[in-house]
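Contents: one structure, followed by commentary.
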Amino acid sequence: MKLKFQSPTGMHDILSEEQKYFKKIHDAVEEVAEFYGFKRIETPILEETDLFSRGIGLSTDVVKKQMFSFRTKGGDHLTMRPEGTASVIRAYLQNGMQSLPRPIKLWYFGPFFRYEKPQAGRFRQFWQFGLESIGEEGAVRDAEIVQVLYAILKKLRLKNIAIEVNSIGSKCCRPYYRKILVNYFKSRSSSLCANCQRRIKENPLRILDCKEEKCQRIVLQAPQTMDHLCRDCHQDFKEFLEFLDELELPYSLNPHLVRGLDYYGKSVFEIFSSSENKEEGQEEGSPALSKNALGGGGRYDGLAELLSTKKENDTPSTGAAMGIERIIGAMKKDKIKPSHKAKPQIFLAQLGGLAKRKTLKLMEEFRKARIPVLESLGRDSLRAQLSAADKAGAKYTLILGQKEALKGRIIIRYMSTGKQKEVDMEKIVKEMKKLCK
Ligand code: HAM
């Protein structure tokens, strides 16, 4: 039977079992990112639509097809953030972070929104964590981002992580490369899929990661960015690879890796877990999804200038983001369980109004002593409460009846034997601390 209300297509409740994975990933990101000097930032879910259309690029799929945009009652054009980089750079400019010592290293963790066709690992509301390193050039910063991502995945005990890297050149060499690419594809246009025929004019680099078989055959012979990098970009990429070698990271070159957000230049990368099916879910859409990547990123030196009204000083930057649901999917495939908290061993049972009031107070004392307890405050029958304690696997039930409550005493019931002893209410937390060690 269809329910009267359901969550919107591609958007999900995150229930308590799933929350354990979210927490585990969040804690790993926090620990590793903060160690490397990244500070937490949180930006609004909504931003001006222009921030994304300018920042990400008008011809990208994200801007053309995937944004949740609307007009407010006041007439503002707003969009639910489809990614975090443009927002972080906006926050960097707006909050005067230009005056801080460089690089400014920030991390975030939150929900993002893209109007996509939902399928395995692809949602309309999904979660990402991201890292942005703003204000410093040099391949060492790109390598640092990859290192932090890798360390986070290793901390989560993910196996078989693969990193793909490429350089897509920058302002100095990409226009020329784009030109020869357009010429190449134009002469073979009739053999390309309809989407790619359109892309020749709009976004020829994206043809390189099209998964249509007929396009792939043509892409195989296409000119590669790496053969057309200027000296500066070539040197930069070489250094990036040397850092990855030094770090012994499992990377491979993918000359067709282009990413799909327009702000990138120079080094780009994506990270996969080999338990993911790389070909699954391919469809025109997010760049990362073309291979069902766990995450991706790269250098975006021109973005701050593009989003600023003033001519900014140079703000070379680099960063990456990873999909939380994708990481959880990989963890499940690798049979990695989020660690669970120790199950409470103590169950609080009460009989009568006074006892109920005292139990609520007692719970607070256990909380302060960091001893987890279970309760059944809504039940009044002792039998029902003992049966609930049994079902929950509690080792001890503390029984507070009307009589005990008046005397300031409480009963400890040992659930395995059924034996009971009465102790002073004031000493119960200390007593249980000893028993639960
Ligand atoms: P992106 O490659 O578009 O990059 O997204 C990063 C990751 O977010 C993807 O690899 C994927 O795991 C996840 N993701 C994207 N779309 C969806 C979706 N519809 N459902 C589930 N997961 C999804 C960015 O967003 C850039 N801002 C990364 C970056 C940061 N570059 C520099 N700094």
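Order of appearance sets the numbers: ligands from 1, and atoms from 1 within every ligand. Counting from 1, the numbers follow the sequence of the chain as shown.
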Side chain or backbone, does [X] bring an N or O within less than 3.5 Å of an N or O on ligand 1?
X	result
Arg122	no
Leu294	yes
Phe123	yes
Tyr300	no
Gly323	yes
Phe126	no

Exercise for review: Run through Glu34, Glu136, Glu144 and flag the one making a side chain to side chain donor-acceptor pair (under 3.5 Å) with Lys105.
Suggested key: Glu144
If you count the atoms of ligand 1 from 1 in the order shown, which ones are under 4.0 Å from a heavy atom of [X]?
X	answer
Gly297	31 (N)
Gly319	30 (C), 31 (N), 32 (C), 33 (N)
Leu261	4 (O), 24 (C), 26 (C)
Gly121	20 (N), 21 (C), 22 (N)
Gly295	10 (O)

Exercise for review: For atom 5 (O) of ligand 1, state which one of Glu325, Glu83, Gln128 supplies the nearest heavy atom.
Suggested key: Gln128
Please indicate whether [X] has more than 12 foreign heavy atoms, meaning atoms of other residues, nucleotides or ligands, lying under 6.0 Å from its [atom1].
X	atom1	result
Lys23	NZ	no
His234	NE2	no
Lys64	NZ	yes
Gln125	CD	yes
Phe70	CZ	yes
Glu248	CD	no

Whether [X] lies under 4.0 Å from ligand 1, heavy atom:
X	answer
Arg124	no
Phe112	no
Glu132	yes
Gly130	no
Tyr264	yes

Below a 4.0 angstrom heavy-atom separation, can you tell me which part of [X], side chain or backbone, both or neither, approaches ligand 1?
X	answer
Thr318	neither
Arg259	side chain
Ala320	backbone
Tyr263	side chain
Glu116	side chain

Looking at [Y] and [X], is there a salt bridge between them, counting it only when a charged N and a carboxylate O are closer than 4.0 Å?
X	Y	result
Arg206	Asp209	yes
Lys238	Glu242	yes
Glu365	Lys368	no

**Study point:** side-chain contact (heavy atoms from CB on, under 4.5 Å) involving Ser170 - partner list, sequence neighbours excluded
**Key:** Cys172, Cys233, Lys266
Practice item. With sequence neighbours left out, write down each residue that passes side-chain contact (heavy atoms from CB on, under 4.5 Å) with Lys154, or none if nothing qualifies. Key: Tyr150, Ile161
**Study point:** Flag, side chain of Arg114 to backbone of Pro82, donor-acceptor distance under 3.5 Å
**Key:** yes
